[in-house]
Amino acid sequence: MCGIYGLVKRGEGDCSGPVLEALRRLEYRGYDSAGIAVLTGNGMTVRKRGGRLARLAGALGRPLVGTAAIGHTRWATHGAPTDRNAHPHRDCDGKLAVVHNGIVENFRALRERLQRDGHRFASETDTEVIAHLIERERSRGVPLAEAVRRTLRHIRGTYALAVVDAGSPGELVAARNSSPLIVGVAEGAAYVASDAAALLVHTRRVVYLQDGQIARLTPGNLRVMRGDGSAVRHRSDELPWSADEASKGGWPHFMAKEIYEEADAVRSACAGRLSPSGAVKLGGLESVLPRLERTERVTLTACGTAYHAALIGAYLMQEYAGADARAELASELRYRRWARQDTSALFAVSQSGETADTLGALEHARAHGHLTCGIVNVVGSSIARMTDAGVYTHSGPEIGVASTKAFTGQVAALLLATLMLGRARGALSAGRARDIARALSRAPAQMDTLFARRRSVERAARTLARADHALFLGRWLSYPVALEGALKLKEVSYVHAEGYGAGEMKHGPIALVDRNMPVVVVAPRDRVYEKTLSNIQEVKARGGRVIAVGTAGDRHLQGLADAFIGIPRTHEAVAPLLATVPLHWMAYRAGVLRGKDVDKPRNLAKSVTVE
Ligand code: M6R
């Protein structure tokens, strides 16, 4: 949570312009307050405001000119989102400033000690102790990077931080521990940011800082050291995305653009990996394939939308790879007792690759000797680096806080992994693999056609936008799809929505059904189709209004439901990819119709790097 950004450049120039532009790209990470500090010829200027970035931009007036600057967009953890608590935070003399993403767990004890030593605090945040600890080192004549290194020895918790000091106008110091941080170096300048999206306008050559590393950035130059002060020979990487890919490209919202890109997410996940014969080549899993063949149990873990993809992955692996697979919420799994089982594998599914709970579950699995694999979108992210093997989903940058195309990319990657495993374990015949592969390669074109059928989805969105509550039902592979539809609707429209297994409805939620509660049922022609129809009858018998998502041309379902959204006919293993798109679009439109900020829903953040 929170986005941080910093720059240092040769000579003086406009700093507030680039910082605001970068914060706009990082705003999805948190957006309840924002701030900037610029090192000017005669000291430091700091501006910060509670509320959206636009408030800060409005407060700036003329561009702030200087040699170095840091900026922050916040998702509050300690202290309300007020002007005072917005970052950057300063030392007693206002000479140095810090922006921070993470949590200083021992801040109370540190603060009390610093206050006893005469330090004056201006905010309620945990971050401010960092500024005062650095100040203490600086007052002893310690150079800035070394002062930061010594300070971090006192900090317990997570951080990505950037520091500037009016006493060192030509440098910026950054450090990370369990929160993402990327450095970009260009001619005569250097940059640091929480996310590559903020660096792409400057450079595609980046250095991913590792946990415990401290970086000293000067114009065009970077030096990295470890926590013990030893130097690190850093390696630079080329970002796989362009600045254009991280922009709205004419769409009114990132969410709309990203739903439209769901078909491309499937294309990219499959490109160069899937052959029409059903053979799958996932380079990132090949080295561990012999272990996966012997694996007795596969656990897929994730949070939020990625958990819904994991659930689909578990069902697919059970059915087509002959694996004892299950999906677990990472926030629960990480605190449960596990038997040590060297024949188990854990798949961590994550768009950002930085989700704290998923990382926690992953660490737990490693400690228990499990093989660990990642299904990750962001290249070089923590989960990608921590796992023994993995598959990149290649969905491109996802900026909308509500995850859409990343989900589709995850489901496609999990289906590929299932095919590969199923064939390797001898659980899937060549014929069945070929049928699924053909359906999967046809899916992107079929998904494109869904946009032409937006009228029926629009009608459903209008119904949902007027409702206070909604129920989403599905069975087997459509159950996680229903969960995803409900999560998306509540996230972006604030309509209360529940996802349920359609068969589970009669065990409680049926009590809620009346004509005021729309019931969205996902019922493609698959093995549980008839059962789902019975559940629809149960809803109808109680006066419920059904919006059905089913196979195009299904007259029976169409006749039963009050509204019908058709998806092209496909293999049952591929149906979740097609059924999700209208649900995502429905949620998006309901959010827009209710006047909500669909790209940045209240209280949320894109990358949840705290527990
Ligand atoms: O980056 P991750 O895929 O690990 O994120 C997991 C969840 O935080 C994320 O899917 C969240 O639930 C989204 N807001 C869903 O739209």
Side-chain angles (χ1 to χ4, degrees), residues 178-180 182 195-196 208 210-211 237 239-241 265 268-270 273 280-292 295 297-314 316-317 321 323 325-331 333-334 344-398 403 405-421 606-609:
S178 301
S179 297
I182 306 170
D195 185 325
Y208 294 98
Q210 311 291 316
D211 282 348
D237 286 293
L239 286 172
W241 301 330
S268 310
C270 297
R273 292 167 164 177
V280 169
K281 193 171 164 53
L282 293 170
L285 287 187
E286 254 163 28
S287 63
V288 298
L289 196 55
R291 275 182 80 184
L292 284 172
T295 292
R297 165 165 274 197
V298 178
T299 303
L300 297 100
T301 195
C303 303
T305 283
Y307 169 72
H308 302 149
L311 205 49
I312 292 176
L316 290 171
M317 287 187 188
R326 60 188 175 147
E328 300 272 3
L329 289 168
S331 50
L333 186 63
R334 64 183 301 190
S344 290
L346 179 114
F347 279 74
V349 186
S350 174
Q351 187 287 127
S352 62
E354 303 291 348
T355 301
D357 284 318
T358 312
L359 278 163
L362 185 56
E363 273 160 18
H364 208 37
R366 274 157 54 112
H368 285 76
H370 294 226
L371 171 69
T372 58
C373 303
I375 302 287
V376 171
N377 188 34
V378 176
V379 175
S381 56
S382 300
I383 292 177
R385 284 184 281 109
M386 267 177 63
T387 38
D388 299 312
V391 182
Y392 280 121
T393 54
H394 298 314
S395 307
E398 188 181 67
S403 189
K405 67 173 179 172
F407 171 82
T408 332
Q410 287 158 353
V411 173
L414 286 163
L415 185 49
L416 293 173
T418 301
L419 289 173
M420 186 170 166
L421 275 183
K606 180 71 182 162
S607 176
V608 185
T609 52

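The shown structure was predicted, so the numbers you read here are calculated from the model rather than taken from an experiment. We count residues from 1, following the sequence as given.
Of all heavy-atom pairs between Ala413 and Ala269, the closest is N-CB, 4.4 Å. The heavy-atom pair separating Ala323 from Val298 by the smallest distance is CB-CG2, 4.1 Å. Between Ala310 and Val349, the shortest heavy-atom contact is CB-CG2, 4.1 Å. Residues Ser350 and Thr355 approach most closely at OG-OG1, 3.8 Å, considering heavy atoms. Across all their heavy atoms, His394 and Ser268 have their closest contact at O-CB, 3.1 Å. Gly409 and Thr393 make their closest contact through O-CG2, 3.8 Å (heavy atoms, listed as atom of the first residue, atom of the second, distance).
The CG atom of Leu292 sits 5.0 Å away from the SG atom of Cys373 when rounded to the nearest 0.5 Å. Summarising the geometry, atom OG belonging to Ser381 is positioned 5.5 Å from atom OH belonging to Tyr392; distances are rounded to the nearest 0.5 Å. Between atom SG of residue Cys303 and atom CD of residue Glu328 there is a gap of 12.0 Å, rounded to the nearest 0.5 Å. To the nearest 0.5 Å, atom CD of residue Gln351 and atom NZ of residue Lys405 are 8.5 Å apart. Here Leu421 contributes atom CG and Thr295 contributes atom OG1; the two are 8.0 Å apart, rounded to the nearest 0.5 Å. A distance of 9.0 Å separates CG in Leu311 from CG in Leu300, rounded to the nearest 0.5 Å.
Applying side-chain contact (heavy atoms from CB on, under 4.5 Å) to Thr372 and the options Thr301, Ile383, Val288, Thr387 leaves one that passes, Thr387.
In this structure, Arg273 contributes its side chain and Val280 its backbone to no donor-acceptor pair below 3.5 Å. Side-chain atoms of Gln210 come within 3.5 Å of backbone atoms of Tyr208 as a donor-acceptor pair (strictly under, hydrogens ignored). No donor-acceptor distance shorter than 3.5 angstrom exists from the side chain of Asn377 to the backbone of Gly353, with no hydrogens or angles considered. At least one donor-acceptor pair under 3.5 Å links the side chain of Arg366 to the backbone N or O of Met386.
Counting heavy atoms from C-beta outward, Gln410 and His308 have side chains that stay 4.5 Å or more apart. Within the 4.5 Å cutoff, the side chain of Val378 has no heavy atoms near those of the Glu354 side chain. A heavy-atom distance below 4.5 Å is not found between the side chains of Leu416 and Val391.
In this structure, Arg334 does not pair ionically with Glu363, as no charged nitrogen and carboxylate oxygen lie closer than 4.0 Å.
Note: His368 and His370 have perpendicular aromatic rings, judged against thresholds of 30 and 60 degrees for the angle between ring planes.
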